[in-house]
Amino acid sequence: QHLLVFTRNSGSGHPCSIGYALGENGRLMPIDRPAFCFFPTREVTNLNFILHAPFLLTDSREGIKAGEKHNQELIQQLAQLAADSLSILRDEKLIDDGLIEIIPYDLSRFSGLDGRAKISFKPLFAAIKDKLQTNTLLPAAKMEYSSKSRSYWASDAELVELFSDEQLVQLTGTKNAHWVFRSLGKKEVLNAKKNVLADYIDGGDARAWNRKEPNLIVSSLDPESVLKKLTADFIAAQSQQWLHKLYAYLSERVSYQNFVKDKPIFLDQDGKASPAFDSKGQLVLFLPDDGIDGYTTVNNELLSNEVTREFIEKFGVKKPSLRDDIYNKILPAYKTNIAIDTSPHFNKFFRYFKECRNEEVAEFIGLIKDKTFLRYNATEDDKVFRGKAKDIYLPNPDLKAWFETKPDTNFLLLDEYREMVDEKDHANLMKFLELLGIVSFPRIMDVGHDQYRRKQISDNDKKIDGLE
């Protein structure tokens, strides 16, 4: 075992030294020794390196006198020497994740500065922490080092293996960002009941209500916080090789998949990043298939990897269903100003009405009841139009007689629709039309503005349609 010793004279010319133990591999290792004053004393330092200075000792020569200005000055000199030595250790590439076993991180192990019963080594704790917070000393990848303003601490090593420093820059927006303490995940530290160490590095959980300022880093990051940062630009910039790694990572961690359900983590047929589901949980990405068009489909090259294909299918991506056709192609077409052929829509709407679960019916009807897909004509004109359910009546004899004085009333071409469906579905058809809002009685309507009397009528005034 070897010692790496640093020595500096105090202001009064007294030499002060600290010594770091080096193992057989030439790396720093913790060493438990009392304070030295030419010979070992019985003063426990609670430090994992050696201190030596010409202290004023007690009469037994076993203890260091507390409350002595001379001794306090020596402690301050040792604290500054320990802090300054970190830069040299870094330059010699001796700082790695094992640093945390060398430096003091538990403040509770040090007595107060004003105590007269025992000398305090607390200044070393403070000086070292301050140095780590203000200099580029935190161990990163490839024996590089990072400063607090660029440092992130991962919850586990797997996260560091998946997301490189370059990707961390893209996700956080922090220039020259680094993962630090890469082999020492926060979750591992907490599982080992080393909460004090976690607090020393991180300063508190990012989700805690009493969030504290991070001590040595910008922030700690867990899989949820990283995965929720994924953007379309980020995914589109990654290689397919890395995307396969991402999917394998998610495949092995099913609970994490909820964090990316509506995130654009896949590539579509045009190479653009796309989510599998929208914010409402509706599938918007599909497996490619012959004979389908107008859909966003998964990039074929991604599907060439068996593990990726299995993950994508288990994630919920599939070939388009009737529901998908309605939600992804038909309904969006009604939001455009482009002329569309609505003739096949009724059959698809009615088929899905029969298939969907009871708890989904109201939502579905709400989406289509204001769409102009229903065929009708008026008594005065045999020309056929398409309109919304709220403007159309069922063509029963009583209603036709009622609206005899209003020949422009719209009546559904009910016989056409009865011919479209099986006879056994006639009852379902009438239920469907009723839910859409087609009625068999005159509607109660707002009066609005009386154009003949040229005056505004109360908003509460109503009239029965067809009653003049």
Distance from Thr7 atom OG1 to Leu81 atom CG, nearest 0.5 Å? 7.0 Å
Do Arg150 and Thr174 meet the criterion of a side-chain donor-acceptor pair at a distance under 3.5 Å? no
Does a salt bridge link Glu360 with Arg357, judged by any charged N lying under 4.0 Å from a carboxylate O? yes
Gap separating the CD1 atom of Ile265 from the OG atom of Ser274, nearest 0.5 angstrom: 10.0 Å
Heavy-atom side-chain proximity of Val298 to Asp268 below 4.5 angstrom: no
Can a cation-pi geometry be assigned to Arg351 and Phe353, taking NZ or CZ under 6.0 Å from the six-membered ring centre and within 45° of the ring axis? no
Test log, rule side-chain hydrogen bond (donor to acceptor under 3.5 Å, both in side chains), inputs Ser164 and Glu166: CA-CA 5 Å; Ser164 67; Glu166 291 76 13; 3.3 Å; yes
Compare every heavy atom of Pro320 with every heavy atom of Tyr295, then report the nearest pair and how far apart it is. CZ-CB, 3.6 Å
Can you check side-chain hydrogen bond (donor to acceptor under 3.5 Å, both in side chains) on Thr231 and Asp233, steps first, answer last? CA-CA 5 Å; Thr231 64; Asp233 288 343; 5.4 Å; no
Lys186 bridged to Asp156 by N-O distance under 4.0 Å: no
Student check: side-chain heavy atoms of Asn195 and Val189 closer than 4.5 Å: no
In a table with atom names and distances, give each donor-acceptor pair under 3.5 Å that connects a side chain of residues 364-373 to protein atoms at least two apart or in another chain.
residue : atom : partner : partner atom : Å
Lys371  : NZ   : Leu367  : O            : 2.7

Are Ser220 and Asp202 close enough that a side-chain donor and a side-chain acceptor fall under 3.5 Å? yes
Validation row, ring centre Phe234 to ring centre Trp242 under 6.0 Å: yes
Near Asn191 CG, under 6.0 Å, is it more than 12 heavy atoms from other residues, nucleotides or ligands? yes
Could you tell me which non-hydrogen atom of Ala66 sits nearest to which non-hydrogen atom of Ile119, and how far apart they are? CB-N, 3.7 Å
d(Leu374 CG, Asp391 CG) to nearest 0.5 Å is 10.0 Å
So Phe277 and Leu285, do their side chains get closer than 4.5 Å, heavy atoms only? no
Assess the pair Phe266 and Phe315: is the distance between their ring centroids shorter than 6.0 Å? yes
Plane angle bin for Tyr20 and Phe49 - parallel if under 30°, tilted between 30 and 60°, otherwise perpendicular: tilted
Before you tell me yes or no, could you show the steps for Lys280 and Asp262 under salt bridge (Lys or Arg N to Asp or Glu O under 4.0 Å), namely the whole-Å CA-CA distance, both residues' side-chain angles and the distance that decides it to 0.1 Å? CA-CA 9 Å; Lys280 296 180 180 179; Asp262 60 352; over 6 Å; no
No-hydrogen, no-angle side-chain donor-acceptor test under 3.5 Å, Gln77 and Gln72: no
Which residue, Val260, Leu221, Asn258, Leu171, forms the side-chain contact (heavy atoms from CB on, under 4.5 Å) with Leu227? Val260
Take atom CZ in Arg253; do more than 12 heavy atoms of anything else shown fall under 6.0 Å from it? yes
Could you tell me whether Lys129 atom NZ has more than 12 heavy atoms of other residues or ligands within 6.0 Å of it? yes
Interatomic distance, CD1@Ile201 vs CG@Leu132, rounded to 0.5 Å, equals 10.0 Å
Salt bridge or not between Glu43 and Lys118? Use side-chain N to carboxylate O under 4.0 Å. yes
Above 12 or not: heavy atoms from other molecules or residues under 6.0 Å from CZ of Arg27? yes
Side-chain heavy atoms of Tyr334 within contact of His345, under 4.5 Å: yes
Any carboxylate oxygen within less than 4.0 angstrom of a Lys/Arg side-chain nitrogen, looking at Asp324 and Lys318? yes
Full working for side-chain contact (heavy atoms from CB on, under 4.5 Å) between Ile330 and Lys348: CA-CA 9 Å; Ile330 297 177; Lys348 291 185 177 183; 3.6 Å; yes
Would you say the ring centroid of Tyr249 lies under 6.0 angstrom from that of Phe163? no
Short side-chain donor-acceptor distance under 3.5 Å, Gln80 and Arg8: no
Does Glu24 CD have over 12 foreign heavy atoms under 6.0 Å away? no
Spatial distance of atom CZ (Phe125) from atom CG (Leu107) [nearest 0.5 Å]: 4.5 Å
Pairwise distance NZ(Lys194) to CD1(Ile100) - rounded to 0.5 angstrom: 9.5 Å
So, do Arg182 and Asp165 sit near enough that their side-chain heavy atoms are less than 4.5 Å apart? yes
Less than 6.0 angstrom separating the ring centers of His52 and Phe38, yes or no? yes
Check the pair Thr308, His244 against side-chain hydrogen bond (donor to acceptor under 3.5 Å, both in side chains), reporting the backbone distance first and the verdict last. CA-CA 6 Å; Thr308 293; His244 292 314; 2.6 Å; yes
Within a radius of less than 6.0 Å around CG of Asp32, do more than 12 heavy atoms belonging to other residues, nucleotides or ligands occur? no
Whether over 12 other heavy atoms sit under 6.0 Å from Lys431 NZ: no
So, do Phe110 and Phe121 have ring centers that fall under 6.0 Å from each other? no
Got a donor-acceptor contact below 3.5 angstrom from the Ser85 side chain to the Ala82 backbone? yes
I want to check something: taking the side chain as every heavy atom from C-beta on, are Asp425 and Lys354 in contact at a cut-off of under 4.5 Å? yes
Would you please test Ser146 and Ser151 for side-chain hydrogen bond (donor to acceptor under 3.5 Å, both in side chains) and show each step? CA-CA 6 Å; Ser146 182; Ser151 297; 2.8 Å; yes
Check: Leu216 main-chain N/O paired with Trp153 side-chain donor or acceptor under 3.5 Å: no
Could you tell me if the side chain of Asp106 sits less than 4.5 Å from the side chain of Asn46, heavy atoms only? no
Taking the side chain as every heavy atom from C-beta outward, state whether Asp96 and Phe181 have any pair of such atoms under 4.5 Å apart. no
